[in-house]
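Can you keep this structure in mind? I'll have questions shortly.
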Amino acid sequence: MAVKNPAGFWKRFAASLLDGVVVGGPITFLGYLVTDTADANWFTSLANVLYALVVPVVWHGYTVGKRIVGIRIVRLNGAPVGIGTMFLRSVVGGLVYFVTLGAGLIVSAILVAAREDKRSLHDLIAGTYVTTDPPAVQAAGPVGISS
């Protein structure tokens, strides 16, 4: 396990706030348009789960908020996250927070603040961490130039 340049509490917190405003706001508005209710509904729940599962997989561990702040999710070995990893991190981690009535969220904040590797409870569940390192650039040659 080689955790490199872990992101601390405040960067992670800022990324979550940005995700809530930049992505959560429009999802909530669309949910209202689709379901005709401002209450929690199937559309916003589904869109939020899909956002948390899919976007980091296809965008090198970034969400919109994480990209703005300059942090991303990776597996402990530095490999990109997959859908199974993100399921553990988002859905199973979320269930732990729900079942513990939010106490798990407080424990996570303490873990990020106190641990040297800055891993939260859902990171421990999924075998991930949040880093400030950008993704490795593949040596593929110039784009759009053919020989």
Check your understanding: Which distance, rounded to the nearest 0.5 Å, do you find between the CZ of R89 and the CZ of R75?
Key -> 13.5 Å
Review point. Should K66 and I73 count as side-chain neighbours, where that means a heavy-atom distance under 4.5 Å?
Key: yes
Check your understanding: When you measure from the side chain of Y129 to the backbone N and O of K4, does any donor-acceptor pair fall under 3.5 Å?
Key -> yes
Practice item. Kindly determine whether R12 and I71 satisfy side chain to side chain contact (heavy atoms under 4.5 Å, CB included), including the steps that lead there. Key: CA-CA 8 Å; R12 292 168 68 131; I71 61 177; 4.1 Å; yes
Check your understanding: Are any non-hydrogen side-chain atoms of Y51 and D19 less than 4.5 angstrom apart?
Key -> yes
Study note, to complete from the structure: Taken to the nearest 0.5 Å, the spacing of L88 CG from L53 CG works out to 10.0 Å
Check your understanding: How close do P6 and D117 get, heavy atom to heavy atom, and via which atoms?
Key -> CB-O, 3.3 Å
Review point. What's the spacing between I68 CD1 and K11 NZ if we round to 0.5 Å?
Key: 13.5 Å
Review point. Do you reckon V58 sits in the same ILVMFWY cluster as V49, going by side-chain contacts under 4.5 Å, direct or chained?
Key: yes
Practice item. Ignoring hydrogens and angles, state whether a donor on the side chain of S120 or D123 is under 3.5 Å from an acceptor on the partner side chain. Key: yes
**Study point:** Side-chain donor/acceptor of R72 to backbone N/O of D133, under 3.5 Å
**Key:** yes
Point to revise | Any L76 side-chain heavy atom under 4.5 Å of R119 side chain | key: yes
Study note, to complete from the structure: In short, Y62 meets P135 closest at the heavy-atom pair OH-CD, 3.4 Å
**Study point:** Side chain proximity check, L18 to V64, heavy atoms < 4.5 angstrom
**Key:** no
Check your understanding: Hey, is the main chain of Y97 close enough, under 3.5 Å, to the side chain of T100 for a donor-acceptor pair?
Key -> yes
Review point. Are V92 and L111 linked, directly or through other ILVMFWY residues, by side chains that come within less than 4.5 angstrom of each other?
Key: yes
Check your understanding: Do M86 and L121 sit in the same hydrophobic cluster, where Ile, Leu, Val, Met, Phe, Trp and Tyr count as joined when their side-chain heavy atoms come under 4.5 Å apart?
Key -> yes
Practice item. Indicate the ring-plane relationship of F9 and F13, choosing parallel, tilted or perpendicular according to the 30° and 60° boundaries. Key: parallel
**Study point:** Trace of the side chain to side chain contact (heavy atoms under 4.5 Å, CB included) decision for V3 with R115
**Key:** CA-CA 12 Å; V3 173; R115 289 177 60 101; over 6 Å; no
Practice item. Report whether L105 and L101 are members of the same hydrophobic cluster (ILVMFWY, side-chain heavy atoms less than 4.5 Å apart, transitive linking). Key: no
Check your understanding: Hey, does the side chain of T44 reach the backbone of A40 with a donor-acceptor pair shorter than 3.5 angstrom?
Key -> no
Check your understanding: Can you find a heavy atom in the side chain of V81 that is under 4.5 Å from one in the side chain of T128?
Key -> yes
Practice item. Treat each ILVMFWY residue as a node, draw an edge where side-chain heavy atoms are under 4.5 Å apart, and state whether V96 and I110 are in one component. Key: no
Check your understanding: Would you say W42 and V34 make side-chain contact, with heavy atoms under 4.5 Å?
Key -> yes
**Study point:** Distance-minimising heavy-atom pair for T37 and N41
**Key:** O-ND2, 3.5 Å
Revision key, fill the gap. Heavy atoms of P26 and V23 approach each other most closely as CD-O, 3.3 Å
Review point. Side chain of T85, backbone of A126: donor and acceptor closer than 3.5 Å?
Key: no
Point to revise | Where G93 and I125 come nearest, the two heavy atoms and their spacing | key: CA-CD1, 4.1 Å
Review point. Would you say I27 and N48 make side-chain contact, with heavy atoms under 4.5 Å?
Key: yes
